Amino acid sequence: MEKITNESLFDLKSVSQPLVVGPFVFYIETAIDPEENQYTSSIYRLDLETNERTLFGDTGSVNMGIKFSPDKEKLSYLSNNTKDEKVQLFTIPLAGGSAKQLTHEENGVSNYFWLEDSQTIYYQTNVKKEGKEANEAKSDFPEKKVITKLNYQMDSRGVIPEDRLYQIKKITVQKEEPQLVLEEDRSLSLGYVAKDESYLLYFDRLDPENEWVYGGSMYKYDLVSKEIELLTAEVPGGIFSFELANEAEDYFIFRGNDFQYKFVTNDRIYGYDVAHKKLTNLTPDLDFGVGDSLVGDFQQNSGGADVWWLEDGKTFLFKATEQGKVTLYQGTVDGVVEKVFDETMHITGLDLTADKKQAVITYSTFTKPSVVGTLDLQDKEITDLYDPNEKYFEEHVVSQPERFWFKSVKDWNIQGWYMPPVDEKADHPAILYIHGGPQVSYGETFFHEMQVLASKGYGVILLNPRGGSGYGQEFVASILDNYGDEDYQDLMNGTDVVLENHPEIDRNNVYVAGGSYGGFMTNWIVTHTDRFKAAVTQRSISNWLSFYGTSDIGPAFVEFQLGRDLSDVEGLWQMSPLAHAEHAKTPLLVIHGEEDLRCPLEQGQQMYIAMKKQRVDTRFVILPQASHGLSRDGLPNLRIERLKEIQNWFENN
């Protein structure tokens, strides 16, 4: 059997966004084209009875956002199969035929919603404001960027232009001229349009006029009177998004939280009684957050719904992240909740069949990258329909994880996984690899990088220290205002447990690595202990003071996560790894994306210079055209370069 390599990334495919209609399921299949150095997403139809696959919308590198017209006669999707490669809205008959491009927006389309008549679609786009500057002749010379807003940049997007108008428009499938419905100078998110077109629901900030008020919610926009109403006004803060409406449109399902625990408040399911304008928490006793917060590096285009009606207006199904898994719960509008599916897997997508007795899912495990299958909601049995990587794993071996729990600070239970080397042998090296977030978690999903490390002879230690999701509200909120304390102890204690249980690990060859929050923790570890032979810090945080002013989420993150602002210079400094750099001795590789705006490049630069000052063996690798998500969805060639740098660093230290 062969082993997984860095380049296996080009051989493997992921599937996502299943959508069921009659005897068929449509889904997105994503692959990587190494020659074009890009991801390609294609739409496939799979016959649930014969497993026959048919390709739909086969041109363009982006084909996603699939939906059915309400009459189930047309498939709609977003594609860059256009002359300028802008993502536009297309439809294609489900019975077969040619695709039709509906929109020709200068800046493309980002989201859309079908009306009940199966003829009208509402969608989102943006345009440049008209005015003197807009009418000036274009120049090839560099142009100034004028910034007046607090949130003026976004990772992977750069500086957000302030000369934009964000629009919701509608168009018919006969391709009549689109009509402008709503326009604002800030980004909105369309959630729902009433069947009679009397109103629409959209997401906006809680206080559009005050940049320092965090949070957002659902607004109702009356299409006749033009009046706007905040639907969650009875909750003073938080963030809420639209999920479902019942057939009568007198009851909505929202997902959200009241911001009681700031950024780390677990999401709940809320019911909204339209007639009485009453918002009710339908999952008050569920201690796990609604939705999917497992972290990995392989799944692509896995966004989609998290809540589905089982019985219109009465019962619903929803996903939750729980102890390293994505589980399924059933809830009622009366507030009764019960778990209906709990297996060691990562459900990445789901849609119900017409009888609501089965679901078609896409899922992943530690050893299966991505599969389309059916889930019987009564007997809980899963039947695989299509595994795009089946033949690959007939010839390649993977590491089988060992699951464990251990006691840590305050006698809390902490979960972890140990991935032994594919070829187990005595005195092998091991790597403590720390996840980002921190409000995410490792779990039962395929992780290409970890499997490659195991194939190269390393044991890989994956821990979910306090502060991560999936272990209850107290657990996730426990490190607010206190990074680098008990979470640090969890990581050290977990490493000790693995070393004690696996004497075959060479204690003199244990390494540490991490990215984002994991990069912060790596920086914290090398400035507080020299127990690790070498370290790799990626897209990290080294200085909370400069992070406050340079990150795209700096002010809100620092104030809500660390409980401090720039008035507490000493407090922020003491929580910064840079303040403790004089204690560092561990050889350190610093990897950072040049266009990272979440943890800006200057964070890595400062850590690098601090290590040089201490005469610590260090290397700084800057990856161009790379934002914060490089290891998950960055340019494929740079993902390979990053993996090689990490492996070479450990091999040579």
Side-chain angles (χ1 to χ4, degrees), residues 1-14 32 294-299 324 344-346 363-371 387-404 415-435 442-464 494-495 497-515 518 532-534 536 631-632 636 639-653:
M1 295 285 281
E2 297 184 37
K3 298 176 184 177
I4 289 180
T5 66
N6 294 331
E7 288 72 22
S8 296
L9 198 62
F10 302 132
D11 300 317
L12 301 173
K13 300 176 181 179
S14 68
I32 296 178
L294 294 191
V295 64
D297 68 348
F298 185 73
Q299 307 303 321
T344 52
M345 63 171 48
H346 179 193
Y363 74 91
S364 176
T365 70
F366 257 104
T367 57
K368 279 188 175 183
S370 200
V371 181
D387 181 349
N389 308 298
E390 182 176 7
K391 290 185 179 179
Y392 181 87
F393 284 99
E394 289 175 355
E395 302 174 347
H396 293 77
V397 63
V398 293
S399 174
Q400 300 285 341
E402 171 194 310
R403 301 164 179 85
F404 64 95
Q415 189 177 22
W417 293 260
Y418 178 63
M419 297 176 61
V422 170
D423 294 328
E424 294 191 52
K425 60 181 181 179
D427 298 326
H428 64 254
I431 304 167
L432 168 64
Y433 217 121
I434 309 167
H435 69 62
Y442 283 133
E444 304 291 334
T445 194
F446 187 79
F447 219 127
H448 170 258
E449 178 177 359
M450 307 312 176
Q451 289 290 356
V452 171
L453 291 171
S455 76
K456 290 185 173 292
Y458 296 94
V460 184
I461 304 169
L462 306 175
L463 304 174
N464 281 340
T495 302
V497 167
V498 172
L499 294 177
E500 181 179 347
N501 293 337
H502 291 273
E504 70 275 15
I505 297 175
D506 182 353
R507 291 172 176 258
N508 295 317
N509 282 283
V510 181
Y511 304 90
V512 62
F532 296 96
K533 189 176 182 183
V536 179
S631 65
R632 301 179 293 272
R639 290 180 65 178
I640 300 298
E641 287 299 320
R642 170 187 162 276
L643 292 173
K644 290 179 178 178
E645 285 286 347
I646 293 171
Q647 294 153 18
N648 290 338
W649 185 253
F650 288 148
E651 289 171 8
N652 296 317
N653 280 281

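Bear in mind the structure is a predicted one, so any value in this text is a computation, not a measurement.
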- Query: So, do Thr365 and Thr344 sit near enough that their side-chain heavy atoms are less than 4.5 Å apart?
  - Reply: no

- Item | Validation row: Met419, Phe366 side chains within 4.5 angstrom (heavy atoms) | yes

List the residues meeting side-chain hydrogen bond (donor to acceptor under 3.5 Å, both in side chains) with [X], not counting sequence neighbours, and say none if there are none.
| X | value |
| --- | --- |
| Asp11 | none |
| Arg632 | none |
| Gln400 | none |

- Task: Please step through side chain to side chain contact (heavy atoms under 4.5 Å, CB included) for the pair Ile505 and His428, ending with a clear verdict.
- Result: CA-CA 5 Å; Ile505 297 175; His428 64 254; 3.4 Å; yes

- Note on the structure: With Asn6 as partner, the option from Lys456, Lys644, Glu641, Gln647 fulfilling side-chain hydrogen bond (donor to acceptor under 3.5 Å, both in side chains) is Gln647

Of all the heavy-atom pairs spanning [X] and [Y], show the shortest one and how long it is.
| X | Y | answer |
| --- | --- | --- |
| Gly443 | Leu294 | CA-CD2, 4.2 Å |
| Pro421 | Gly457 | CG-O, 3.5 Å |
| Glu444 | Trp417 | OE2-NE1, 2.9 Å |
| Tyr442 | Asn464 | N-OD1, 2.8 Å |

Atom [atom1] in [X], atom [atom2] in [Y]: separation rounded to 0.5 Å?
| X | Y | atom1 | atom2 | result |
| --- | --- | --- | --- | --- |
| Tyr418 | Leu462 | OH | CG | 10.5 Å |
| Asn509 | Arg507 | CG | CZ | 13.0 Å |
| Asp297 | Leu643 | CG | CG | 8.0 Å |
| Met1 | Asp423 | CE | CG | 11.5 Å |
| Leu463 | Gln415 | CG | CD | 10.0 Å |
| His396 | Glu2 | NE2 | CD | 4.0 Å |

- Stepwise, does the side chain to side chain contact (heavy atoms under 4.5 Å, CB included) test hold for Ile640 with Phe10? CA-CA 10 Å; Ile640 300 298; Phe10 302 132; 3.9 Å; yes

Any donor-acceptor N/O pair, [X] side chain to [Y] backbone, under 3.5 Å:
| X | Y | value |
| --- | --- | --- |
| Ser364 | Phe446 | yes |
| Glu395 | Lys3 | no |
| Tyr433 | Val460 | no |
| Ser455 | Ile4 | yes |
| Ser399 | Pro420 | yes |
| Asn389 | Lys13 | yes |

- Let me see the working for Tyr392 and Asp387 under side chain to side chain contact (heavy atoms under 4.5 Å, CB included), right down to the final yes or no. CA-CA 10 Å; Tyr392 181 87; Asp387 181 349; over 6 Å; no

- Query: Do other residues, nucleotides or ligands put more than 12 heavy atoms under 6.0 Å from Glu500 CD?
  - Reply: no

- Query: For Glu402 and His502, does a side-chain donor sit closer than 3.5 Å to a side-chain acceptor?
  - Reply: yes

- Task: Applying ring-ring contact (aromatic ring centres under 6.0 Å, His included), run through His448 and Phe298 and close with a yes or a no.
- Result: CA-CA 6 Å; His448 170 258; Phe298 185 73; 7.5 Å; no

- Message: Once you measure the plane-to-plane angle for Tyr511 and Phe650, does it fall in the parallel (<30°), tilted (30-60°) or perpendicular (>60°) bin?
- Response: tilted

- Take Ser631 and Glu449 through the test side-chain hydrogen bond (donor to acceptor under 3.5 Å, both in side chains) and record every step on the way to the result. CA-CA 9 Å; Ser631 65; Glu449 178 177 359; 5.6 Å; no

- Go through the steps for Lys368 and Met345 under the test side chain to side chain contact (heavy atoms under 4.5 Å, CB included), then give the verdict. CA-CA 9 Å; Lys368 279 188 175 183; Met345 63 171 48; over 6 Å; no

- Message: My understanding is that only one of Val497, Leu499, Val498 makes a side chain to side chain contact (heavy atoms under 4.5 Å, CB included) with Asn501; could you say which?
- Response: Val497

